[in-house]
Student: 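Have a look at this one.
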Amino acid sequence: MTPTGTAVDPVAIQTRVREVLGSEAGMLRDGAVVASPTSDDEISALLRVANESAWRVLPSGAGTGRDIRPVHASRGREEGPGATSGPDLMISTLGMTELLDHEPADLTFRSRAGLALADLQAGVSGAGQWLALDPPGGGRVTLGGIVASGAAGPLRVQYGRPRDQLLGLTMIDGAGRILSLGGRVVKNVAGFDLVRLATGSRGALGIVTEVTFRLYPRPEADRTLVWSRESLEEAWDVGRSLAVLPLPLASAELIAGTWGAPHDDVGVRIALRMTGSEVSVTRMRDVLLQQMGLPLRDLDGADSELAAYTLSQGDGEGPVSFRLQSLPDRGRPLMRPLSQLPTKRLAIHLLQGAIRGTIMPEHGVEVLEPLSKEASALGASLRVLRAPGSVPAGIESTSPSTVSQRLHAAICRGFDPGGVLPGAWLEGWK
Amino acid sequence: MSLDQSLARRLAAVVGEDGILTDEDRLLVYESDALTQYRHRPSAVVLPRTTKELSGVLRVLHEHGRPFVARGSGTGLSGGALTVGGSIAVGTNRMNRILEMDVANRRARVQAGVINSDLTRASLPHGLIYAPDPSSQAACTLGGNVAENSGGPHCLKYGVTNRYVTGLTVVLPDGEIAELGGMERDEDGLDLVGLFVGSEGCFGIAAEIEVALIPAAEGVRTLLGIFLSMEDASRAVTDIMARGMLPAALEIVDSETIRAVEASIFAAGYPTDAGAALVVEFDGMDAGLDAEVAVAVECCERAGAREIRTASTDDERLALWRGRKKAFGAMGRLAPDLLVQDATVPRTKLPEVLAKVGEIGRRHRILVANVFHAGDGNLHPNLLFDRRDVDEMHRVEAASKEIMEACIQAGGTITGEHGVGYDKRSYMPLVCSHDVLEAMARVKEVFDPAGLSNPGKVLPDGYGPSPRGVA
C-alpha cells in the first residue's frame with residue numbers, strides 16, 4: 001500500500017526484492033511476496049527499500065503466531081479503495097537456521113533466528129544441556145519467534161521466561177539499522193535494556209536475526225504427576241493447595257480437554273512437574289503422594305517431558321482462543337463461567353494466574369461475553385488471541401493507560417520511523 | 001549552584017520544610033555514592049515520602065528546567081547517584097514502607113526506599129524470600145536495585161533483579177505517574193518494566209515496585225575450599241559446573257583479599273597463606289543436598305584443595321561466608337582509595353583474564369585484590385591506591401582501561417551488575433555500536449525529552465537529550 005491508497009503490485013515488489021536478493025528470490029503467495037534472505041545485510045537492504053516504497057512488512061518464522069491478532073501494519077496510513085489488510089512483503093527467517101556457537105562449559109549458545117526450538121534442543125542435548133523453555137507452539141517455534149512473542153510456558157515457574165534467559169540478540173530495525181544488543185555473558189547491564197524491550201515486541205521494533213541464550217544442564221530427574229477431578233472448581237482448589245506448598249516445582253497446571261474432545265468427557269487434570277536431582281525429585285514426589293494419594297499418571301524422563309508438552313499446548317487449534325489474567329489466588333470465581341464455556345482446551349497456570357483457552361469451532365467469539373463480564377467484575381483481564389473477524393467491543397477488558405499508549409507509540413516510531421513493521425498490533429488497544 | 005527562593009518555596013510546599021536539605025553540612029554526605037573518587041555536591045536534597053509527593057517534586061523541577069538525580073542509599077559503584085551539573089538529589093529513603101505483603105500470590109509491593117534485606121526479613125516468616133542479594137543488601141534499596149538491575153552471589157541460580165520485578169509505579173521526569181506491568185495484568189504490549197529495570201535513573205524514578213517472592217529453600221549447605229592458587233580454585237568451579245550442578249552460589253576471593261580481611265576487624269579465619277578461597281553453596285530440597293556437597297568436595301579435592309570446610313549450622317554458614325562478605329569493607333586496610341571494576345566475561349575465559357589482570361596490575365605497579373562471582377564470570381578486580389599520589393592515580397586509570405579492554409577482547413562486557421553510571425560512559429562505544437547508542441538515546445528521549453533525569457550518565461556525550469533551561 002502506498003500512502004496515496006493505491007495497492008502496490010506484488011509483481012513490482014517481487015522485482016525490487018530480486019534486485020536485492022537475486023533472480024530466484026521472492027515467491028508470490030496470497031497477494032504478498034515472501035522472501036527468505038540469508039544475511040543481516042540482505043534484510044537491512046530489503047527494509048530500506050520497504051521504507052522508500054512504503055511497503056507493509058511482516059517478519060515471519062514458523063508461522064505459529066501469525067494469526068494472533070492483529071498483525072498487519074496500518075499505522076497512520078490512508079486506506080484507499082481496494083486496499084488489502086495483509087502485508088506486502090513477508091520476510092521469513094527460515095533461510096537462517098545455523099547454530100553458530102555452543103559453548104557447553106559456558107552454558108550458552110548463539111544461533112540464527114530461524115532455527116526451530118526442537119532442532120536447537122537436538123543440537124545441544126549431546127552436551128547434556130537444554131534450553132529450559134516450553135513456549136506455546138512447541139518445538140516448531142523458531143528461536144526468533146520465541147523472542148518476538150516473549151511467550152513462556154509452564155516451565156517458567158522454575159526456569160524463568162524467555163526474557164530471563166536471553167543474553168543478546170541482533171535485530172534489524174524498521175529503518176534497516178543492524179543493532180547488536182546485549183552480549184554473550186549471563187550478566188550484562190551495559191546501557192539501557194533493549195534486549196528486554198525487544199523480547200515480546202512481536203516485530204514492532206525490528207526483525208530478530210540472531211540470538212544468544214543461556215542453557216541449563218539437563219536435570220538428572222524429570223517427573224510429572226497427574227491427578228484428575230470432575231469439576232474445574234474442585235480441581236482448582238486441589239491444584240492451588242499443591243502449587244503453594246514450599247516445593248521447588250517446575251510447573252503446576254490444570255488442563256481440561258484434549259485435542260478434538262470436549263472437556264467434560266475426560267475431567268480436569270492437575271499436572272505437577274518437578275526437575276532436579278534424583279533424590280530431590282523423589283522426595284518431592286513422596287511429599288505430594290502423601291498429600292494426594294496415588295496419581296492418575298506418574299511419568300518420568302522423556303515421558304514426563306512429552307506429557308508436559310502435550311498437556312501444555314493450551315493455545316490449541318481453533319478459530320477462537322483467549323487468555324485470561326488475574327492474580328493467581330483470585331482465579332476461583334472464574335472457574336464457574338469457564339465450566340460453562342464450550343471450550344475445546346483449557347490450560348490454567350496455577351502459579352501465574354494465567355488461563356489460556358480455545359473454543360469449540362462451531363462457536364464464535366461472542367460466546368466469551370459472560371466470561372468477560374465476570375472477569376471485569378473481578379479485576380481480571382481477558383484478551384482475545386485469535387478470532388475469525390473483528391472482536392465486538394466490550395469483550396476484551398484490557399485497556400492500557402494513555403501514558404502507556406504514548407510511550408509505546410513513541411518507542412515504536414523510534415525504531416520504525418517509516419511505519420513498515422507490524423506495530424499495529426498495539427493499535428488493538430483502545 | 002544554589003537553589004533559588006521560588007524553587008525552594010515550591011518544593012517545600014510539596015514535601016514540607018523538613019523535606020529539603022540545603023545546609024552545606026547536611027549536603028556533604030550526598031556528594032558521592034560508594035565510588036568515592038567522584039564528588040559533586042548537590043544544590044539541594046529533596047526527600048519525598050509518597051508517590052504523590054515525588055510526582056509533585058518532579059513536576060516542580062520540570063517546570064523550572066532543573067535536572068535531578070534519584071538516590072537510594074548511595075551504595076552504587078558507578079557514580080550513578082552523582083549530582084553533576086547542578087542537579088538536585090531526590091532521595092528515596094523516606095519512601096521506606098512495605099505497602100503490601102501478598103503471601104498467597106508470592107508478591108510484595110514496596111516503596112522505592114525499602115532496604116533489600118528488610119524485604120527478605122519481612123518475607124521469611126511466611127516462608128518466602130526476595131531472591132536478588134547484592135553484597136550491599138543491608139543498606140541498598142529496592143529502587144537502587146531496579147535502577148541497576150542488581151545481581152548478587154545468589155543470582156547464579158536465581159537470576160537478577162529483572163526476573164523478579166513484575167510491576168512499577170514510575171514517576172516520569174515531568175511528574176506524570178505511569179503504572180507499568182503488574183502481576184495481575186496481561187503481559188501484552190512492550191516490556192516497559194524490563195526496559196525500565198537497569199535504566200539507572202535516566203527514565204524517571206520508580207516510586208513503587210511490585211516484586212515476585214519465592215519460597216525459601218528447605219535446606220542449604222555451604223562449603224569453603226582453600227586452594228594454593230586461583231587457577232586451582234577456578235578449575236574446581238569448572239568441574240562443578242561440568243558435572244551438571246546448579247549451585248546457589250560460587251564465589252572466589254584471592255590471596256590479597258584474604259590477607260586484607262584477616263588483618264581487619266572482620267577476620268573470618270581464612271588461612272592467610274592461601275592462594276584463593278572458594279565458597280560453594282547449594283540449596284533446595286534438603287534430601288538432595290548432601291549428594292551435591294559430596295560432588296563439590298570431590299571436585300575441590302581433584303583440583304588440589306588444601307582444606308575443605310563444610311557448614312552444618314547457620315552460624316557455621318555465616319562464618320564461611322564472612323571472608324567473602326566482608327571483602328569490600330576490609331579493603332580500607334590496604335589503601336585509602338579503591339576502584340572496583342565489574343567486568344563480566346564468559347566463565348571459561350576467567351582463568352586467562354585473571355592472569356591478564358594480574359599481569360596488568362604488576363606492570364602498572366598497582367595492588368589488585370580480586371573478588372568474583374565465579375559461576376557467572378563476573379569479576380571484581382579491586383584496584384587499591386591513594387588518590388593523593390597523582391602518579392598512582394594515572395597508573396590506576398591506565399590499568400583500569402587495560403583491564404576493561406582485556407575483558408571485552410575475551411568476549412565480555414564492561415559491566416555485569418554495577419551499571420555504567422558516570423564512571424564507564426567512555427567505555428560504552430567499546431561494546432555498543434553508534435547505531436545502538438543512538439537507539440538507546442532515542443528511547444531515553446521518549447521518557448525524558450527535556451533531558452532532566454540523571455543527566456550525564458550511561459550514554460557518552462553527544463548521545464541523548466541534554467538538560468535544557470539550566471543556567
Side-chain angles (χ1 to χ4, degrees), chain A residues 103 105-108 128 150 160 163-164 173 177-181 183-194 196-197 199-201 204 216-218 220 244 246 248 276-277 279-280 283-284 323 325-329 353 379-381 383 398 400-401 403-404 407-408 410-411 414-415 426, chain B residues 104-105 127 148-149 151 159-160 162-163 176 178-179 183-186 188-192 194-195 197-199 215 218 238 241-242 244 246 284-285 287-288 291-292 344-348 376-378 411-417 419-420 428 431-433 435-436 439-440 442-444 446 458:
Chain A
E103 259 313 327
D106 282 332
L107 289 161
T108 61
R163 79 201 266 296
D164 303 314
D173 78 3
R177 292 172 288 222
I178 301 174
L179 304 174
S180 176
L181 306 173
R184 290 171 44 189
V185 287
V186 295
K187 285 166 74 178
N188 195 345
V189 292
F192 306 132
D193 200 341
L194 302 186
R196 253 41 66 184
L197 179 64
T199 310
S201 62
Y216 280 89
R218 276 271 178 195
E220 200 183 23
V244 300
S277 71
V279 180
S280 320
R283 176 76 191 123
M284 281 193 263
R323 189 168 68 209
Q325 179 70 41
S326 71
L327 284 176
D329 80 332
S381 39
R383 174 152 168 72
T398 324
S401 63
V403 107
S404 202
L407 293 172
H408 273 80
I411 290 172
F415 285 90
L426 297 171
Chain B
N105 290 304
E148 304 298 332
N149 191 15
V160 294
N162 213 337
R163 181 163 165 183
E176 185 170 19
E179 300 285 348
M183 202 185 271
E184 58 195 316
R185 302 230 190 82
D186 198 281
D188 218 6
L190 294 177
D191 186 359
L192 297 184
L195 173 65
V197 177
S199 60
E218 190 187 34
T238 300
M241 302 290 282
L246 212 52
M285 295 299 290
E292 294 189 318
T344 302
V345 299
R347 208 180 37 76
T348 45
D376 44 36
N378 186 192
T413 183
I414 60 173
T415 173
E417 54 184 10
V420 177
M428 281 288 277
V431 287
C432 296
S433 70
D435 278 343
V436 169
M440 290 184 181
R442 276 193 297 272
V443 173
K444 153 83 174 174
V446 167
V458 184

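Heavy atoms only: backbone and side chains are in, while hydrogens, waters and symmetry mates are out. Per chain, numbering begins at 1; letters A, B, ... match sequence-line order.
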Student: Would you say the side-chain atoms of Asn149(B) pair up with the backbone N or O of Asn162(B), donor to acceptor, closer than 3.5 Å?
Tutor: yes
Student: Need one label for Asn378(B): side chain, backbone, both or neither, based on atoms under 4.5 Å from any heavy atom in chain A.
Tutor: side chain
Student: Of all of Asp193(A), Leu327(A), Val279(A), Val185(A), which one pairs up most often with chain B through heavy atoms under 4.5 Å apart?
Tutor: Leu327(A)
Student: In terms of heavy-atom pairs under 4.5 Å, which option from Leu192(B), Ile414(B), Val443(B), Asp376(B) contacts chain A the most?
Tutor: Asp376(B)
Student: Looking only at side chains, do Ser381(A) and Asp186(B) share a donor and an acceptor under 3.5 Å apart?
Tutor: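 Looking only at side-chain atoms, Asp186(B) and Ser381(A) do not form any donor-acceptor pair under 3.5 Å.
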Student: Between Ser199(B) and chain A, which part of the residue has a heavy atom less than 4.5 Å away: side chain, backbone, both or neither?
Tutor: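 Both parts, backbone and side chain.
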Student: Looking at His408(A) and Leu190(B), would you say the former's side chain and the latter's main chain have a donor-acceptor pair under 3.5 Å?
Tutor: yes
Student: Taking Pro217(A), Gly353(A), Gly379(A) one by one, which has the highest count of heavy-atom pairs under 4.5 Å against chain B?
Tutor: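 Winner by heavy-atom pair count: Pro217(A).
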Student: Measuring only between side-chain heavy atoms, which start at C-beta, is Ile178(A) closer than 4.5 Å to Asp435(B)?
Tutor: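 Result no, sub-4.5 Å side-chain heavy-atom pair not found.
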Student: Would you mind reporting whether Glu218(B) and Pro246(A) have side-chain heavy atoms less than 4.5 Å apart?
Tutor: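 Of all side-chain heavy-atom pairs linking Glu218(B) with Pro246(A), none is under 4.5 Å.
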Student: Taking every heavy-atom pair that is under 4.5 Å apart, which of Val458(B), Asn105(B), Asp191(B), Thr348(B) has the most such pairs with chain A?
Tutor: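 The residue among Val458(B), Asn105(B), Asp191(B), Thr348(B) with the greatest pair count is Asn105(B).
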Student: Determine the option with the most heavy-atom pairs under 4.5 angstrom with chain A, choosing from Glu292(B), Glu148(B), Met183(B).
Tutor: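 The answer is Met183(B).
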Student: Is chain B contacted by the side chain of Thr199(A), its backbone, both, or neither, given a heavy-atom distance below 4.5 Å?
Tutor: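 When you check distances to chain B, only backbone atoms of Thr199(A) fall under 4.5 Å.
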Student: Where does Ala178(B) contact chain A at under 4.5 Å (heavy atoms): side chain, backbone, both or neither?
Tutor: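 For Ala178(B), backbone and side chain are both near chain A.
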Student: Show, in sequence, the C-alpha distance, side-chain angles and deciding distance for Asn188(A) and Thr344(B), and conclude whether the side-chain contact (heavy atoms from CB on, under 4.5 Å) test is met.
Tutor: CA-CA 7 Å; Asn188(A) 195 345; Thr344(B) 302; over 6 Å; no
Student: Does atom CZ (Arg283(A)) have a neighbourhood of more than 12 heavy atoms from anything else shown, all under 6.0 Å?
Tutor: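 No.
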Student: Return the option, out of Val244(A), Val189(A), Leu407(A), with the maximum number of heavy-atom pairs under 4.5 Å with chain B.
Tutor: Val189(A)
Student: Under 4.5 Å from any heavy atom of chain A, what part of Val431(B) do you find: side chain, backbone, both or neither?
Tutor: side chain
Student: Is any side-chain heavy atom of Arg347(B) closer than 4.5 Å to a side-chain heavy atom of Asp106(A)?
Tutor: yes
Student: If you count heavy-atom pairs under 4.5 Å with chain A, which of Met241(B), Met428(B), Glu179(B) comes out on top?
Tutor: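 Going by pairs under 4.5 Å, I would pick Met428(B).
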Student: Between Glu417(B) and chain A, which part of the residue has a heavy atom less than 4.5 Å away: side chain, backbone, both or neither?
Tutor: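 For Glu417(B), the contact with chain A is made by backbone and side chain together.
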Student: Can you tell which of Ser280(A), Ser277(A), Gly276(A) has the highest number of heavy-atom pairs within less than 4.5 Å of chain B?
Tutor: Ser280(A)
Student: Looking only at heavy atoms and a cut-off of under 4.5 Å, which of Gly377(B), Gly412(B), Gly288(B), Gly127(B) has the most pairs with chain A?
Tutor: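 It is Gly288(B).
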Student: Give the member of Asp329(A), Thr108(A), Val403(A) that has the highest number of heavy-atom pairs under 4.5 Å with chain B.
Tutor: Asp329(A)
Student: Specify the closest pair of heavy atoms between Tyr216(A) and Leu107(A), including all atoms of both residues, with the distance to one decimal.
Tutor: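 Residues Tyr216(A) and Leu107(A), closest heavy atoms: C-CD2, 4.1 Å.
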Student: About how many Å separate CZ of Phe415(A) and CG of Leu194(A), when rounded to the nearest 0.5 Å?
Tutor: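 Rounded to the nearest 0.5 Å, the CG-CZ separation comes to 5.0 Å.
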Student: Under 4.5 Å, counting heavy-atom pairs only, tell me which of Gly160(A), Gly150(A), Gly183(A), Gly128(A) racks up the most with chain B.
Tutor: Gly160(A)
Student: Do the side chain of Ser201(A) and the main chain of Ala204(A) share a donor and acceptor less than 3.5 angstrom apart?
Tutor: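 Absent.
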Student: Using a cut-off of under 4.5 Å on heavy-atom pairs, state which of Val160(B), Val420(B), Val197(B) scores highest against chain A.
Tutor: Val420(B)
